[in-house]
Amino acid sequence: MGKSKKRSAKPAATEAIATGPSRLLLKLADRLFGEAADRAAFVHSLGQAQRFAPCLLWLADRPDPFPFAALPPLAMQPDWVDRLDLTADQPANRRPGKHPLHEAGAFYCLDFSSVFAASALLAIPDRVDRLVDLCAAPGGKSVFAWRALQPSLLVANEAIGKRIGMLVSNLKRCGLSPAIATCADPETLAQTIPGWADLVIVDAPCSGQSLLAKGEKNPGCFHPLTIGKNANRQKRILANAAALVAPGGWLAYMTCTYAIEENEGATQWLLDRFPHLEPQPVLALEPWRSIHAAFPCYRMFPQEGLGAGSFVVLLRDGRNGPANPEPANPEPVNPGPANPGRSSLFGDHEALQSLIRWRSDRSKPI
Ligand SMILES: C[S@@+](CC[C@H](N)C(=O)[O-])C[C@H]1O[C@@H](n2cnc3c(N)ncnc32)[C@H](O)[C@@H]1O
């Protein structure tokens, strides 16, 4: 008795494609889609590895002649992003990450699902001076946000120590400066610099169900225990993210999973506890509006053929108050090696000083 009980509490073995879709996947499809054809297309798209067009996010001018073959841009695509045409017989398209321009930091390789989610940031009409990317490694959303919003300072935080190296190396390669990489639990950051950020990005650790659309294994990703655990972790991160946002600032929450308990569910939880956060429409993503919430949020699914799938919601802090309060202490702390012209911006925030003072071994200017 005891034994079989224990076994049934474990996440189901993978949604193994060879043996057909699992009961849990079919159940998810039922919840996600009203139409049988959509359900079937979704389940089918998770049953075979697909290659989705990778994207190049340009940080420098495109070279001429252009060594890549790009697909026609989508309406929501920023003009500094290319989707590579995988059907083209173009040697550079095969391994863009090996191209010398990549090493030179001229572009960053990103999957389209990430571009989709991050493109919600383009709907922010305000100047974003102070940006915190709370779950940053390996750095894709940081690079996108930097390119899109040109903040005065980026704090790229990664909670898992062993992932910091790749984050720092990517931010350095792409020349993101001034920037600081921190390795902190979101709660510590929220306590250190509460109400500091004009924008907080939460690209949250999640159940990662979309990995299956890329042919990767993710055992148990549809199991309620996996989803519940991830939803709870996201709620904790989101609550701390909310504490980091300045009055009038912004919070973008995104995942690469399909579960409603994460995504819309975690967002609703946040809205119930932080009613001053207001979901904002993103006009460019309206064709992808989620039907699983009354508030505006967006989903892209793998059966569309664009990417493995993602979710995004953009929230504005509706409290009155300047998004950029006057710095309490105008003394520069660190002139920032790569961009002396911005030195005052780099150092003149008291909160930033305390961030640098706080565990200087764990936060370093890039
Ligand atoms: C989806 S990935 C981020 C991808 C990254 N934003 C990008 O675009 O390259 C989620 C990140 O959250 C980190 N993470 C894991 N547990 C966390 C926690 N409890 N709090 C904050 N971040 C966490 C993971 O290490 C991982 O780097």
Side-chain angles (χ1 to χ4, degrees), residues 28 31-35 38 42 74-78 81 112-128 131-135 141 144-145 148-149 197-204 206-207 209-210 227 230-231 234-235 237-239 241-242 244-304 306-320 323:
L28 173 64
R31 288 186 67 203
L32 286 174
F33 303 102
E35 300 287 328
D38 293 335
F42 173 67
L74 302 168
M76 51 67 66
Q77 198 174 309
V81 170
F112 183 78
S113 299
S114 292
V115 170
F116 173 88
S119 67
L121 303 178
L122 301 169
I124 297 176
D126 305 329
R127 163 93 190 122
V128 170
L131 198 165
V132 175
D133 186 357
L134 209 44
C135 313
K141 307 304 186 305
F144 187 108
L149 303 170
D198 299 326
L199 167 64
V200 179
I201 300 172
V202 176
D203 185 16
C206 65
S207 55
Q209 294 164 346
S210 71
I227 293 168
N230 280 285
Q234 287 162 26
K235 289 170 188 171
I237 296 172
L238 286 169
L244 274 167
V245 176
W250 297 79
L251 197 171
Y253 160 51
M254 52 198 83
T255 76
C256 65
T257 204
Y258 314 123
I260 299 169
E261 292 81 357
E262 300 174 66
N263 303 335
E264 292 89 349
T267 309
Q268 187 59 60
W269 179 94
L270 184 71
L271 298 177
D272 291 344
R273 277 147 194 86
F274 298 86
H276 60 274
L277 293 177
E278 299 159 356
Q280 301 296 308
V282 179
L283 290 184
L285 299 185
E286 252 343 275
W288 289 274
R289 183 151 173 167
S290 167
I291 58 167
H292 300 290
F295 51 83
C297 56
Y298 305 91
R299 281 174 171 267
M300 195 258 293
F301 286 107
Q303 62 268 32
E304 295 171 54
L306 294 171
S310 51
F311 167 88
V312 65
V313 62
L314 180 65
L315 305 160
R316 185 177 177 277
D317 182 321
R319 291 173 299 179
N320 286 333

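Values reported hereafter were calculated over all heavy atoms of this structure, with side chains retained and with hydrogens, waters and symmetry mates removed. Predicted model only: the values in this text are computed from it and were never measured.
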### Summary
When every non-hydrogen atom of A239 is compared with those of L270, the smallest separation belongs to N-CD1, 4.0 Å
#### Entry: Taking every non-hydrogen atom, the tightest pair across L28 and A259
CD1-CA, 4.4 Å
### Task
Apply side chain to side chain contact (heavy atoms under 4.5 Å, CB included) to D126 and L199, showing your working.
CA-CA 10 Å; D126 305 329; L199 167 64; over 6 Å; no
### Query
Mind checking what makes ring-ring contact (aromatic ring centres under 6.0 Å, His included) contact with F42, not counting sequence neighbours?
F33, Y258, F301
### Query
Would you say Y298's side chain and V282's backbone share a donor-acceptor pair under 3.5 angstrom?
yes
### Query
With the threshold set at 4.0 Å, does a side-chain nitrogen-carboxylate oxygen contact exist between E261 and R31?
yes
### No-hydrogen, no-angle side-chain donor-acceptor test under 3.5 Å, D317 and W250
no
### Task
Can you see which heavy atom on L271 is nearest to which on P279, and at what distance?
CD1-CG, 3.7 Å
### Task
Can you see which heavy atom on A284 is nearest to which on M76, and at what distance?
O-CB, 3.8 Å
### Task
Enumerate the residue pairs fulfilling ring-ring contact (aromatic ring centres under 6.0 Å, His included) with a member in residues 268-293, sequence neighbours excluded, ordered by first and then second residue.
F116-W288
### Task
For M300 and L306, work out which heavy atoms get closest and say how close.
SD-CB, 4.1 Å
### Query
Is a side-chain donor-acceptor pair under 3.5 Å present for Q209 with T257?
yes
### Message
As a quick check of understanding, evaluate side chain to side chain contact (heavy atoms under 4.5 Å, CB included) for C206 and C256, giving each step before the final call.
### Response
CA-CA 7 Å; C206 65; C256 65; 3.6 Å; yes
#### Entry: side-chain hydrogen bond (donor to acceptor under 3.5 Å, both in side chains) between S207 and N230, intermediate numbers included
CA-CA 6 Å; S207 55; N230 280 285; 5.0 Å; no
### Query
When you measure from the side chain of E262 to the backbone N and O of I260, does any donor-acceptor pair fall under 3.5 Å?
no
### Task
Compare every heavy atom of S310 with every heavy atom of S113, then report the nearest pair and how far apart it is.
O-OG, 3.0 Å
### Task
Would you confirm whether Q234, through its side chain, and A231, through its main-chain N or O, come within 3.5 Å as a donor-acceptor pair?
no
#### Entry: Partner of Y253 by side chain to side chain contact (heavy atoms under 4.5 Å, CB included), out of L314, L238, L277, V312
L238
#### Entry: Presence of salt bridge, D203 and K141, under 4.0 angstrom
yes
